[in-house]
Enquirer: 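After the structure tokens below, expect a handful of questions from me.
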Amino acid sequence: MAGISFREVRHTYRPPRGKPVLALEGVSLDVKDREFLALLGPSGCGKSTLLYLLGGFIPVESGAITVGGRPVEGPSPDRGIVFQHFALFPWKTVRENILYGLEKQGMPKPGREKRAQEFVELVHLKGFEDSYPSQLSGGMRQRVAIARTLAVEPEILLMDEPFGALDAQTRALMHEELRAIMRRAPKTVVFVTHDVREAVYLADRVAVMSARPGRIKEIVDIKFTSNARGEELLQTREFADKIDHLWKLVRDEAIRAQGTRE
Ligand SMILES: Nc1ncnc2c1ncn2[C@@H]1O[C@H](COP(=O)(O)OP(=O)(O)O)[C@@H](O)[C@H]1O
Ligand SMILES: [Mg+2]
């Protein structure tokens, strides 16, 4: 089981110079096993901080974060992370980038070659196995990053604005691909974004964060009665209503964030 729970999580950054920054305060949130949860909020509200705490990249100082009932104590291969800036090895090919995590996992060679190829195909990069990241477009690089993370088959996928650097068309294609991948192999996903439409399109629930110090302001269920999919869903009244509601929540917080910026 890969349910996630945050209880009264608080985080303060203490830069060596300058004042401490209270980034998160009293964050409590549950993500169900195999749920796709979007974390939505204005820039600087602590979304990445929350994800890095969950990833185990920064220690939890106050409050508790558990995964499957166990406290997070550091990074773990069952929590795969995809960043906004495709952290690929530039000196490795597409195949080698995907193989990297499998080697680290200690998977035997024939098995990992096969697995890498499966994931190359899953993200539609067949024919580009021997290309280097510099030879690929932004969308393709991000697909490699996703394939590399998915190939180790983490139970939980953490994504920090993974499509933020892509143009609108590529982003729309990536949304379709991500949905298809999730249908094939459902996972618990925490997806950070400041894009309201992206959140509504992808998530089962959207947790809206307040301006810094980040808290959970409201959780919105995304369920549609219409059977419309893809472009059609985007045209429906209920889709527009969700966007409207979330947009207002985020806008209020973005205004507050502007007002409190020192
Ligand atoms: N290493 C750091 N030192 C000091 N302040 C930081 C550090 N990292 C982030 N912050 C501050 O913490 C707040 C939350 O940051 P972040 O989690 O990156 O927000 P978001 O991802 O929502 O844009 C911001 O005000 C940011 O400036
Ligand atoms: Mg961020």
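Numbering of ligands and ligand atoms starts at 1, following listing order. Computation of the quantities below employed the complete heavy-atom set of this structure, encompassing side-chain atoms and omitting hydrogens, waters and symmetry-equivalent molecules.
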Enquirer: Counting no waters, what protein N/O/S atoms lie under 2.8 Å from the Mg ion (ligand 2)?
Expert: S48 OG
Enquirer: Do NZ/NE/NH1/NH2 and the carboxylate oxygens of R171 and D195 come within less than 4.0 Å?
Expert: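 The answer is yes: the pair qualifies as a salt bridge.
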Enquirer: On the six-membered ring of Y201, is R179 placed so that its NZ or CZ lies under 6.0 angstrom from the centre and within 45° of the ring axis?
Expert: yes
Enquirer: Can you give me every donor-acceptor pair (side chain of residues 101-108, partner residue at least two apart or in another chain, under 3.5 Å) with its distance?
Expert:
from, atom 1, to, atom 2, distance (Å)
Q105, NE2, V152, O, 3.3

Enquirer: When you look at CZ of F57, are more than 12 heavy atoms from neighbouring residues, nucleotides or ligands closer to it than 6.0 Å?
Expert: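 Enclosed.
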Enquirer: Check each protein residue for a heavy atom under 4.0 Å from ligand 1 and list those that pass, ordered by chain and number.
Expert: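 Y13, V21, A23, P42, S43, G44, C45, G46, K47, S48, T49, R212.
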Enquirer: Does the R79 side chain pair with the main chain of G74, one donor and one acceptor, at a distance under 3.5 Å?
Expert: yes
Enquirer: Between F89 and R148, is there a cation-pi geometry (under 6.0 Å to ring centre, at most 45° from the normal)?
Expert: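 Yes, R148 sits over the ring of F89.
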Enquirer: Checking D241 now: which residues fulfil side chain to side chain donor-acceptor pair (under 3.5 Å) with it, not counting sequence neighbours?
Expert: R237
Enquirer: Around atom CD of Q169, are there more than 12 heavy atoms from other residues, nucleotides or ligands closer than 6.0 Å?
Expert: no
Enquirer: Check whether more than 12 heavy atoms from other residues, nucleotides or ligands sit under 6.0 Å from atom CZ of R251, and answer yes or no.
Expert: no
